[in-house]
Asker: 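Got a structure for you, written out below as structure tokens; questions coming shortly.
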Amino acid sequence: MMTNNKLMDWPPEKVAAFQHALLDWYDHHARTLPWRQDHDPYHVMVSELMLQQTQVQTVIPYYNRFMAQFPTVEALAAAPEATVLKAWEGLGYYSRARRLQQAAKQIVNDYGGKWPQTAAELQTLAGIGPYTAGAIASISFGEVVPAIDGNAFRVFARLFKVDADIARPQTRKVFDDLIRPLMPKERPGDFNQAVMDLGSSYMSASHPDPAHSPVRAFDASFRDGVVQDYPVKTKKPRPVIHRYFALVIRSKAGYLLEQRPGKGMLADLWMFPLIDMAELEATMESEQLDEISARFADLSGMTLTFADLGRPQVQHTFTHQRWQLTLIGADAAAAELKFMPARWVPVEDFGKMALPTVQKKLNRALGLTEPG
DNA sequence: TATCCGTGGAA
DNA sequence: TTTCCAAGGAT
């Protein structure tokens, strides 16, 4: 149990030995990844934004497509936002896509295309916090600054038996103070990336193998047989259940897709209109349809004729919300919509819109298939 | 500071 | 089925 304030109590020769063990292992066993072909800050920025809370194997195909479509920071800055969002479809945390493009615009417009080169300056860019700033600054510009992500938390919590709860925001400083004196003045970017590779292999969360780790001689939790006790992390609450009616409204021009608000869940993506069941006052099923019709008329100026779809159910779980959707069919004239940001979309054009995974589940439940 | 913001894989 | 996790940031 570490109770002293100063966690990093290694002598200089031990620090040097640790750096050598880590970097020597990295030199021989670094993962080959698409964004590691060079140290171009644009490549690092795009990959790091995609990798936030997202696994490497998921990101790889998105990164390759993104680079083919937006090869330079200028190309990304000039692209229509809908195009960027479509490229992000299925990757989740969609605000990352908008902020990435916002950051590209900042670099092109505010910095005249000349990249800010320190972590402090990089943090002024949209979507770039302390971790991502540290990654870009160290990898692309050689600044000696840590990149503290989940891997770094796990690796150093185990090496030093850190008892601070990594779920608490203030714990970041504990690790920052711990890691900085461990970093080599040369190759800070390789140091940070080696920690990431270590954290996803020998020191992973699910299948750690500290006995064969290149830094096992420096691993206090392995030495004491308490690897599974680290890192200390409090649990998250269960997802809250939300029930909605999903309106499947057909016209000669296609299905009605609504663009969701610019803030909140699935911001700016396209879905069937949802009616929150908790906001309906009806107590009988027959009255429910009347109230849905009335509420929707207020939103759209449109009169619905309900069609029996058998009310199929679709469930989708997010990190902190569980949606239970009941599909309600309706026919309508392909009228101009009054207040809703919505479009009539033929099934063959669904692929042009940025659709969240839950909408794709709805499509499947209805037997609606996109081309290709 | 605590909460919000997605998804797919693993056990 | 349930739970947790995986290269976080904004508010």
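Each chain gets a letter, A, B and so on, in the order the sequences are listed, and its residues count up from 1.
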Asker: Using 30° and 60° as the class limits, which term best fits the ring planes of Tyr244(A) and His242(A): parallel, tilted or perpendicular?
Answerer: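 Parallel, since the angle between the ring planes stays under 30°.
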
Asker: Between Trp35(A) and Gln123(A), which is nearer to the 5' end of DNA chain C once each is assigned its nearest nucleotide?
Answerer: Trp35(A)

Asker: Roughly how many Å is it from CD1 in Ile60(A) to C1' in dT7(B), rounded to a whole number?
Answerer: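 Whole-Å distance recorded here is 16 Å.
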
Asker: With heavy atoms under 4.0 Å as the rule, sort Gln55(A) into base, sugar-phosphate or nothing.
Answerer: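 Base contact - Gln55(A) has a heavy atom under 4.0 Å of at least one base atom.
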
Asker: Would you mind classifying the nucleic acid contact of Gln57(A) as base, sugar-phosphate or nothing, using non-hydrogen atoms under 4.0 angstrom?
Answerer: nothing

Asker: If you check every side-chain atom of His320(A), which of dG9(B), dC4(B), dG8(C) has the closest atom?
Answerer: dC4(B)

Asker: Hey, which sits more toward the 5' end of DNA chain B by its nearest nucleotide, His207(A) or Gln53(A)?
Answerer: Gln53(A)

Asker: Could you check whether Ser47(A) gets within reach of a base, just the sugar-phosphate, or nothing at all, counting any heavy atom under 4.0 Å?
Answerer: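 Ser47(A): no heavy atom of the nucleic acid under 4.0 Å.
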
Asker: Kindly assign one of parallel, tilted or perpendicular to the pair Phe218(A) and Trp10(A), based on the angle between their ring planes and the thresholds 30° and 60°.
Answerer: tilted

Asker: For a quick check of understanding: with a heavy-atom distance under 4.0 Å over all strands, which category does Gln321(A) fall into, base, sugar-phosphate or nothing?
Answerer: sugar-phosphate

Asker: Of the nucleotides dA6(C), dG6(B), dC4(B), which one has an atom closest to the side chain of Thr319(A)?
Answerer: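 Closest nucleotide among those given: dG6(B).
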
Asker: Considering every strand and a 4.0 Å limit on heavy-atom distances, what is the contact class for Leu49(A): base, sugar-phosphate, or nothing?
Answerer: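 No contact.
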
Asker: Looking only at side-chain atoms of Ala205(A), point me to the closest of dA6(C), dC5(B), dT7(B).
Answerer: dA6(C)

Asker: Within this structure, what is the CG-to-P distance between Leu198(A) and dA6(C), rounded to whole angstrom?
Answerer: 14 Å

Asker: Using a cut-off of 4.0 Å on non-hydrogen atoms, how would the nucleic acid contact of Arg168(A) be classed: base, sugar-phosphate, or nothing?
Answerer: nothing

Asker: Classify the nucleic acid contact of Thr357(A) as base, sugar-phosphate or nothing, counting any heavy atom under 4.0 Å across all strands shown.
Answerer: sugar-phosphate

